[in-house]
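Working notes for the structure below.
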Amino acid sequence: MPSDAEILIVDDHQGTLYALESALAPLGYPLGRATTGDAALKQVLRGRVGLLLLDVRAPGADGLDVVRYLRRLEQTQHIPVVLLTGFGADQDLATAAFALGVADLITTPVDPWALRTKVRYLYDTHRHRLALEAEIRELRALVKDPGPGDPPDTGPAPPPRVPLQRDPGAPAPAHEAT
């Protein structure tokens with residue numbers, strides 16, 4: 001995820017988009033918007049989305065369809081998704097959403113303070129996770145490709161051989177008794 005990755009807000013109602021943008025603006029993260037699930041997928045696949053706030057009933061591909069697609073692709077399967085619904089609590093929806101790995105399911109209208117807290121945590125955690133993965137890749141590359149002057153890698157060292165130690169007062173095993 002690039003350092004300027006945006007939080008993508010997806011809703012077909014301009015008023016909801018504006019309210020969510022206003023609630024998240026104090027965080028200072030880049031914000032993007034889309035009005036359909038299909039447009040959201042296109043933006044996510046460009047690789048500049050670090051978190052997705054997604055209306056469950058988005059036109060085109062609905063919220064659950066978008067999440068299903070994202071979870072199938074290695075490049076997008078770990079992007080945190082918060083589903084938004086204006087239809088109240090729905091146990092079947094919650095079960096399906098969490099089975100797909102959605103980070104949270106929020107009913108609208110949202111409490112701006114609670115939304116900012118959740119988004120800050122999810123966005124920052126995702127950034128830290130990606131930074132750690134990049135560091136691991138770099139370290140693995142260093143281990144595989146030694147620099148000039150480094151000895152060649154000959155594989156793992158054999159285990160050291162330790163001579164057999166016996167208690168001096170114990171009798172010798174039968175095969176050594178002769």
Side-chain angles (χ1 to χ4, degrees), residues 1-25 27-141:
M1 173 172 86
S3 61
D4 62 341
E6 66 186 14
I7 295 169
L8 182 61
I9 304 168
V10 184
D11 200 294
D12 58 327
H13 295 98
Q14 292 298 323
T16 304
L17 285 172
Y18 178 75
L20 293 169
E21 287 173 338
S22 297
L24 296 175
L27 293 176
Y29 299 140
L31 301 174
R33 59 166 49 194
T35 56
T36 68
D38 297 324
L41 280 171
K42 288 177 186 175
Q43 287 188 31
V44 171
L45 292 174
R46 289 187 190 119
R48 305 206 60 74
V49 174
L51 185 134
L52 190 59
L53 287 175
L54 179 61
D55 182 14
V56 172
R57 307 277 187 244
D62 74 13
L64 291 176
D65 290 337
V66 170
V67 176
R68 279 186 198 96
Y69 186 80
L70 295 177
R71 295 305 183 238
R72 281 187 252 154
L73 301 175
E74 184 178 341
Q75 72 196 46
T76 60
Q77 64 186 220
H78 297 294
I79 294 174
V81 176
V82 176
L83 284 179
L84 304 168
T85 180
F87 296 101
D90 178 345
Q91 190 60 41
D92 292 336
L93 172 62
T95 300
F98 290 122
L100 290 171
V102 168
D104 205 351
L105 178 63
I106 300 175
T107 57
T108 56
V110 299
D111 173 14
W113 289 100
L115 180 65
R116 279 193 292 272
T117 300
K118 289 177 186 190
V119 165
R120 180 186 305 116
Y121 172 78
L122 291 169
Y123 186 82
D124 289 348
T125 301
H126 184 59
R127 281 193 345 197
H128 291 291
R129 183 182 158 278
L130 291 177
L132 286 172
E133 286 177 355
E135 188 173 346
I136 289 169
R137 281 191 302 275
E138 291 172 13
L139 290 172
R140 284 184 177 152

First locate atom [atom1] of [X], then atom [atom2] of [Y], and finally report the distance between them rounded to the nearest 0.5 Å.
{"X": "Arg127", "Y": "Leu122", "atom1": "CZ", "atom2": "CG", "answer": "13.0 Å"}
{"X": "Ile9", "Y": "Thr35", "atom1": "CD1", "atom2": "OG1", "answer": "13.0 Å"}
{"X": "Arg137", "Y": "Arg140", "atom1": "CZ", "atom2": "CZ", "answer": "9.5 Å"}
{"X": "Leu20", "Y": "Thr108", "atom1": "CG", "atom2": "OG1", "answer": "8.0 Å"}
{"X": "Asp38", "Y": "Tyr69", "atom1": "CG", "atom2": "OH", "answer": "11.0 Å"}
{"X": "His13", "Y": "Arg57", "atom1": "NE2", "atom2": "CZ", "answer": "12.5 Å"}

Hey, does [Y] have a side-chain heavy atom less than 4.5 Å from the side chain of [X]?
{"X": "Val49", "Y": "Glu6", "answer": "yes"}
{"X": "Leu105", "Y": "Phe98", "answer": "yes"}
{"X": "Leu8", "Y": "Arg48", "answer": "no"}
{"X": "Leu45", "Y": "Leu73", "answer": "yes"}

Residue pair [X] / [Y]: nearest heavy atoms and the distance that separates them:
{"X": "Thr36", "Y": "Val10", "answer": "O-CG1, 3.7 Å"}
{"X": "Leu70", "Y": "Thr76", "answer": "O-OG1, 2.6 Å"}
{"X": "Val56", "Y": "Thr85", "answer": "CG2-CB, 4.1 Å"}

Donor-acceptor pair, side chain of [X] and main chain of [Y], under 3.5 angstrom:
{"X": "Tyr123", "Y": "Ala5", "result": "yes"}
{"X": "Arg116", "Y": "Ala23", "result": "yes"}
{"X": "His126", "Y": "His78", "result": "yes"}

Residues in salt bridge (charged side-chain N to carboxylate O under 4.0 Å, His left out) with [X], at least two apart?
{"X": "Arg129", "value": "Glu133"}
{"X": "Arg71", "value": "none"}
{"X": "Asp62", "value": "none"}

Could you check whether atom CD of Gln77 has more than 12 heavy atoms from other residues, nucleotides or ligands sitting under 6.0 Å from it?
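It does: Gln77 CD has more than 12 such atoms within range.
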Taking it one step at a time, do Leu83 and Leu64 satisfy side chain to side chain contact (heavy atoms under 4.5 Å, CB included)?
CA-CA 8 Å; Leu83 284 179; Leu64 291 176; 3.7 Å; yes
Between Thr16 and Leu84, is the side chain to side chain contact (heavy atoms under 4.5 Å, CB included) condition met? List the steps.
CA-CA 10 Å; Thr16 304; Leu84 304 168; 5.5 Å; no
Gln43 and Arg33: side-chain donor and acceptor closer than 3.5 Å?
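Note: Gln43 and Arg33 side chains miss the donor-acceptor criterion.
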Please evaluate residues Lys118 and Val82 with respect to the criterion side chain to side chain contact (heavy atoms under 4.5 Å, CB included), reporting the C-alpha separation (whole Å), side-chain torsions for both, the decisive distance (0.1 Å), and the verdict.
CA-CA 9 Å; Lys118 289 177 186 190; Val82 176; 5.8 Å; no
Side chain to side chain contact (heavy atoms under 4.5 Å, CB included) evaluation trace for Val81 with Leu100
CA-CA 10 Å; Val81 176; Leu100 290 171; over 6 Å; no
